[in-house]
Structure formats: structure tokens, C-alpha cells
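Each remark here refers to the structure printed beneath this line.
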Amino acid sequence: MQAFDLHEKLNSLGIPFNEIGYMTKAPKYPYGIYVDDVNVRLDDSGYAKVENHTVTIELYHDTLDGLRAAAATLDAWIESMAMEYRRQNAYIPEENHFFATYMFAYSTKKKG
């Protein structure tokens with residue numbers, strides 16, 4: 001897969017996303033956070049760099065219907081990239097919001 005800017009792609013969906021979390025108050029719902037865990041190695045030729053990404057995204061909303069609508073947007077984007085993913089929905093009573101956790105992986109290759 002061709003390399004892309006995950007932060008830019010996620011924020012182009014019309015939902016604010018930030019890497020790891022928010023230093024100040026989170027934005028209005030819906031919003032999300034993500035972590036991109038990257039493992040880098042050289043391919044068998046020793047000349048091309050392979051980056052294996054494992055991405056975790058958390059999408060938040062204060063209503064279940066709102067979460068479903070925001071999740072549909074994120075689902076469509078991931079599916080447009082032809083990536084397999086896992087989504088799990090939950091509720092946090094202390095925060096009074098719903099969230100969906102996504103996990104997917106992809107690899108990119110660049111000539112060194």
C-alpha cells in the first residue's frame with residue numbers, strides 16, 4: 001500500500017482526530033483519538049524499507065445514534081482503503097459517552 005498521512009486522512013472525514021489524546025479539553029462530539037504503532041524493517045533485498053502499521057482508533061459520541069453515524073463514516077473510509085478492520089462498541093458511564101474502538105493493520109514499502 002502507498003504511504004499516506006494518517007492524521008490528515010482521518011481529519012478529512014469531518015471528525016476531529018488527534019494522535020494519542022488531547023492536552024486540553026476534547027472537542028465537541030464526535031471526535032476521536034488514534035495510535036499508530038509502526039514496526040520498520042528492511043525487505044529481503046536490504047534496499048527497501050517496509051513499515052508495518054498497527055492502528056488503534058477510538059471514536060467518541062454522547063449518543064448511540066451519533067456514534068453509529070460517525071462510525072459509518074469511519075467504516076466507509078477504512079473499507080475504501082480495502083483494509084480489514086475490527087470494531088467494538090462500548091459505553092463509559094463515568095464519562096457519559098459511547099465509543100467505538102477500531103483496529104486495523106497495513107504495510108507500506110519505500111525504496112531506501
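Source: prediction; values computed, not measured. The first residue of the sequence shown is numbered 1, and numbering continues consecutively from there.
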Of L67, I33, T73, the residue whose pairing with L59 passes side-chain contact (heavy atoms from CB on, under 4.5 Å):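 Option passing the side-chain contact (heavy atoms from CB on, under 4.5 Å) with L59: L67.
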Please report the closest heavy-atom contact between [X] and [Y], naming both atoms and the distance.
| X | Y | answer |
| --- | --- | --- |
| A100 | N89 | CB-OD1, 3.2 Å |
| P30 | P16 | O-CD, 3.4 Å |
| H97 | Y91 | O-CD1, 3.3 Å |
| G32 | Y22 | O-OH, 3.0 Å |
| A26 | Y31 | CB-CZ, 3.5 Å |

Verdict with supporting geometry, F98 and Y60, side chain to side chain contact (heavy atoms under 4.5 Å, CB included): CA-CA 6 Å; F98 297 86; Y60 297 92; over 6 Å; no
Pairing residues for D36 by the side chain to side chain donor-acceptor pair (under 3.5 Å) criterion, not counting sequence neighbours: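 Per chain and number, D36 pairs via side chain to side chain donor-acceptor pair (under 3.5 Å) with H53.
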Where at least one partner belongs to residues 84-101, residue pairs that pass salt bridge (charged side-chain N to carboxylate O under 4.0 Å, His left out), sequence neighbours excluded: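 Qualifying pairs: D75-R87.
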Partner set under side chain to side chain contact (heavy atoms under 4.5 Å, CB included) for I57, not counting sequence neighbours: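 Partners of I57 by the side chain to side chain contact (heavy atoms under 4.5 Å, CB included) criterion, ordered by chain and then number, come out as L10, F17, Y34, V55, L74, Y102, F104.
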Separation between [atom1] of [X] and [atom2] of [Y], rounded to the nearest 0.5 Å:
| X | Y | atom1 | atom2 | answer |
| --- | --- | --- | --- | --- |
| S12 | H7 | OG | NE2 | 10.5 Å |
| M81 | K9 | CE | NZ | 6.0 Å |
| Q88 | M103 | CD | CE | 7.5 Å |

Hphob cluster co-occupancy, W77 + I15, side-chain heavy atoms under 4.5 angstrom: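 Same cluster: W77 reaches I15 through Ile, Leu, Val, Met, Phe, Trp or Tyr contacts under 4.5 Å.
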Side chains of N52 and Y106, donor plus acceptor under 3.5 Å: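 No donor-acceptor contact under 3.5 Å links the two side chains.
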Residue pair Y85 / E79, side-chain donor-acceptor N/O under 3.5 Å: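 E79 and Y85 do have a side-chain donor-acceptor pair below 3.5 Å.
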E19 vs L6 side-chain heavy atoms within contact, under 4.5 Å: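 Counting from C-beta outward, E19 and L6 never come under 4.5 Å.
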Side chain to side chain contact (heavy atoms under 4.5 Å, CB included) between T56 and T101, worked out: CA-CA 7 Å; T56 303; T101 301; 4.1 Å; yes
